[in-house]
Protein chains: 2
Amino acid sequence: MPKPQVDPTATLGLRVDRGSPVPLYFQLAQQLEAAIEQGALTPGSLLGNEIELAARLGLSRPTVRQAIQSLVDKGLLVRRRGVGTQVVHSRVSRPLELSSLYDDLETAGQRPTSRVLVNALVPASADLAGVLGVTEGADVHRVERLRLAHGEPIAYLVNHLPAGLLDLDTDRLEATGLYRLLRCAGITLHSARQSIGARAATSAEAERLEEAEGAPLLTMERTTYDDTGRAVEFGAHAYRPSRYSFDFQLLARS
Amino acid sequence: MPKPQVDPTATLGLRVDRGSPVPLYFQLAQQLEAAIEQGALTPGSLLGNEIELAARLGLSRPTVRQAIQSLVDKGLLVRRRGVGTQVVHSRVSRPLELSSLYDDLETAGQRPTSRVLVNALVPASADLAGVLGVTEGADVHRVERLRLAHGEPIAYLVNHLPAGLLDLDTDRLEATGLYRLLRCAGITLHSARQSIGARAATSAEAERLEEAEGAPLLTMERTTYDDTGRAVEFGAHAYRPSRYSFDFQLLARS
DNA sequence: TCAATCCTTATGTCCGGACAATCGGACTAC
DNA sequence: GTAGTCCGATTGTCCGGACATAAGGATTGA
């Protein structure tokens with residue numbers, strides 16, 4: 001006797017719009033993701049085989065596979081050869097993204113504000129020149145900012161950028177994040193190298209962040225590269241650990 | 001007059017072994033990655049179009065695309081429609097992995113050692129029970145370890161695991177990392193939620209880590225899940241910031 | 001009763017082709 | 001000279017099929 005074979009995707013009302021400019025695999029992936037998010041696809045449930053799903057939607061199997069693969073890459077699904085594709089139990093948040101503190105705070109529901117303390121052109125030190133890939137002594141932008149949320153200082157941010165990349169208007173720096181300015185200038189961010197550590201606050205930092213001297217600070221140094229491999233930014237940030245921590249999700253590499 | 005059309009992959013001696021059980025796309029990806037690593041493919045150079053590459057290797061275009069895509073996902077290549085596929089300039093290190101401190105130290109050339117301070121079964125507190133998905137008061141393993149490298153303390157690690165998942169032998173805990181034990185027990189790690197912060201050392205921590213009381217410590221809390229969604233481990237770690245920091249690379253999402 | 005084997009099922013890999021979208025340069029018109 | 005247009009090149013998307021491989025259950029044998 002064959003078992004009932006309840007395919008949870010059968011009752012989901014999945015459909016794709018071939019007239020849309022949105023790729024078919026992407027439409028499907030979005031609908032599946034929404035179904036998982038809303039609990040229509042319960043964790044642990046099998047998805048029903050790809051062939052059938054493709055036939056039901058009038059798609060080819062490669063297209064369905066591409067959709068499923070994108071969700072596997074996101075950590076929402078797990079495939080098992082000979083078994084099927086399964087919804088992962090654990091609730092996934094987004095993995096660590098190449099995002100700015102400003103955006104992080106904004107999505108967390110805070111209303112971040114910035115106070116620009118320094119915005120000037122300075123000659124690059126040897127270390128900085130090496131990191132940014134410019135010649136020593138060449139002009140670089142130096143930006144020092146204090147980031148606040150609800151009037152309380154969150155972080156003290158020191159950034160250096162190669163000169164000539166974009167014009168850094170103090171007003172715009174106060175209104176938004178640095179990453180958004182870079183993107184608006186036509187720079188496509190590609191990757192970043194980060195280092196997260198901790199150290200005691202210097203007296204200057206302590207005063208700006210309203211902490212005691214020697215208080216523990218969470219630190220982050222980051223070099224950001226665009227898709228041509230140029231270093232476009234080097235930042236050294238100090239966060240108040242009582243107000244900020246780095247939360248993220250990791251996925252095992254296949 | 002047609003331009004020279006120097007395709008750097010033409011002189012690379014790429015070839016695939018159809019008798020091998022390793023997938024063709026994977027063979028190609030490995031060879032391309034090696035070529036990039038060794039500098040045979042210089043940053044910024046175009047790769048030559050997929051059709052030609054496929055023809056030269058006797059492969060189909062989808063297979064070549066799959067190989068290239070895997071390297072794009074790794075951040076080694078960038079594709080541009082209408083232009084071509086380009087080697088990224090910036091040197092990539094590995095992105096942040098789901099790895100244990102033990103493995104991290106080992107690959108960094110250190111010879112880590114562990115000292116197990118506590119290895120016992122304790123009733124789960126309400127918080128811990130919620131995190132691990134067990135009932136409050138149920139038995140859980142509690143493991144406290146001190147991790148050292150070159151005889152110096154690096155981190156103080158407190159981990160909790162659901163009982164019955166695996167037998168935690170103190171000797172084996174001292175000989176290797178917790179993640180390796182989990183994998184050996186047939187548990188396939190899938191994802192983890194992490195939070196990195198900082199705080200001042202308590203007197204007990206200070207003594208174990210040979211720091212002063214109130215010294216800044218780098219902290220990490222992590223819940224690890226297997227591929228069925230079960231929480232398999234919750235860890236609260238404290239690192240000496242002078243000896244350890246979290247270094248990793250981020251890729252922009254698509 | 002237990003173990004080895006076969007069979008079903010589902011994903012993994014691979015093919016060859018087709019058309020669309022986009023980029024960049026060359027060309028043309030003003 | 002400058003702006004708009006056209007066109008070739010290249011990747012993006014999609015199709016329909018084929019066979020291989022692994023996992024799990026059912027069957028068979030000892």
Side-chain angles (χ1 to χ4, degrees), chain A residues 1-9 16-30 32 45-73 77-87 186 188 227-228 254, chain B residues 1-9 16-30 32 45-73 77-87 186 188 227-228 254:
Chain A
M1 192 171 94
K3 50 182 175 182
Q5 266 295 7
V6 280
D7 180 352
T9 62
V16 292
D17 173 15
R18 299 195 94 93
S20 165
V22 177
L24 300 179
Y25 78 91
F26 195 78
Q27 294 183 35
L28 177 54
Q30 278 185 319
L32 288 177
S45 60
L46 273 314
L47 224 60
N49 72 46
E50 301 167 346
I51 318 272
E52 212 174 285
L53 186 54
R56 182 141 30 84
L57 289 168
L59 297 173
S60 70
R61 190 180 163 216
T63 304
V64 172
R65 276 183 68 80
Q66 194 173 1
I68 291 178
Q69 188 58 48
S70 70
L71 297 182
V72 170
D73 290 340
L77 298 177
V78 179
R79 322 178 87 142
R80 277 177 219 274
R81 186 189 303 214
V83 179
T85 305
Q86 206 171 10
V87 181
T188 60
D227 55 1
T228 70
S254 104
Chain B
M1 190 171 96
K3 51 182 175 180
Q5 265 296 6
V6 279
D7 179 351
T9 62
V16 292
D17 173 15
R18 298 195 95 92
S20 165
V22 24
L24 300 178
Y25 79 90
F26 195 78
Q27 293 183 36
L28 176 54
Q30 279 186 318
L32 287 176
S45 60
L46 273 315
L47 222 60
N49 72 46
E50 302 167 348
I51 318 273
E52 209 175 289
L53 185 53
R56 182 141 31 86
L57 289 168
L59 296 173
S60 71
R61 191 177 162 218
T63 302
V64 172
R65 275 184 68 79
Q66 193 172 2
I68 291 178
Q69 187 59 46
S70 70
L71 296 182
V72 170
D73 291 339
L77 299 177
V78 180
R79 323 176 87 141
R80 280 177 218 270
R81 188 188 298 209
V83 179
T85 305
Q86 208 170 8
V87 181
T188 60
D227 55 1
T228 71
S254 115

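What you see is a predicted model, and the numbers here were worked out from it, not measured in a lab. Every chain is numbered from 1 and lettered A, B, ... according to where its sequence line falls, protein lines coming before strand lines.
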Could you state the CZ-P distance from B/Phe26 to C/dG12, rounded to the nearest angstrom? 15 Å

What distance separates A/Leu28 CG from A/Gln66 CD, expressed to the nearest 0.5 Å? 10.5 Å

Spacing of A/Ile51 atom CD1 relative to D/dC19 atom P, expressed in whole Å: 14 Å

What pairs of residues pass the side chain to side chain donor-acceptor pair (under 3.5 Å) test when at least one of them lies in residues 18-27 of chain B, not counting sequence neighbours? none

For B/Thr63 versus B/Leu59, what's the shortest heavy-atom pair and its separation? CG2-CD1, 4.3 Å

Starting at atom CG of A/Leu77, determine the distance to atom C1' of C/dA10, rounded to an integer number of angstrom. 15 Å

Separation of A/Asn49 atom CG from C/dG12 atom C1', in whole Å? 14 Å

Separation of D/dG24 atom C1' from A/Gln86 atom CD, nearest Å, is 14 Å

When only distance counts, do a donor and an acceptor, one from the side chain of A/Arg80 and one from the base of C/dT11, lie under 3.5 Å apart? no

Is the phosphate of C/dG12, meaning OP1 or OP2, less than 4.0 Å from a side-chain N or O of A/Arg79? yes

Give each protein N/O atom lying under 3.5 Å from an N/O atom of nucleotides 4-7 of chain C, with the pair distance.
none

Counterpart residues, salt bridge (charged side-chain N to carboxylate O under 4.0 Å, His left out), relative to A/Arg81 (two or more places apart): none

Atom pair distance, as rounded to whole Å: CD in B/Glu50 and P in C/dG16: 16 Å

Proximity to DNA chain C (any heavy atom under 4.0 Å), residues of residues 17-25 of chain B only: B/Arg18, B/Pro23, B/Leu24, B/Tyr25

Could you state the CD-P distance from A/Gln69 to C/dT11, rounded to the nearest angstrom? 12 Å

Euclidean distance, B/Arg79 CZ relative to B/Leu47 CG, rounded to 0.5 Å: 9.5 Å

Which of residues 55-67 of chain B sit near DNA chain D, with a heavy atom under 4.0 Å from it? B/Arg61, B/Arg65

Would you give the length of the straight line joining atom CG of A/Leu71 to atom CG of A/Leu77, rounded to the nearest 0.5 angstrom? 5.0 Å

I need the CG-C1' distance between B/Leu46 and D/dT10, as an integer number of Å. 10 Å

To the nearest 0.5 Å, what is the distance between CG on A/Asp227 and CD on B/Gln86? 8.0 Å

Spacing of CG belonging to A/Leu24 relative to CG belonging to A/Leu57, to within rounding of 0.5 Å: 10.0 Å

The complete set of salt bridge (charged side-chain N to carboxylate O under 4.0 Å, His left out) pairs with one or both residues in residues 59-68 of chain A, sequence neighbours excluded, reads A/Glu50-A/Arg61, A/Glu50-A/Arg65

Using a 4.5 Å cut-off on heavy atoms from C-beta on, say whether the side chain of A/Val72 contacts that of A/Val78. no

The side chain of B/Val83 is closest to which nucleotide in this list: C/dG24, D/dT10, D/dA23? C/dG24

Measure the spacing between CG of B/Leu32 and CG of B/Leu53 and express it to the nearest 0.5 Å. 7.0 Å

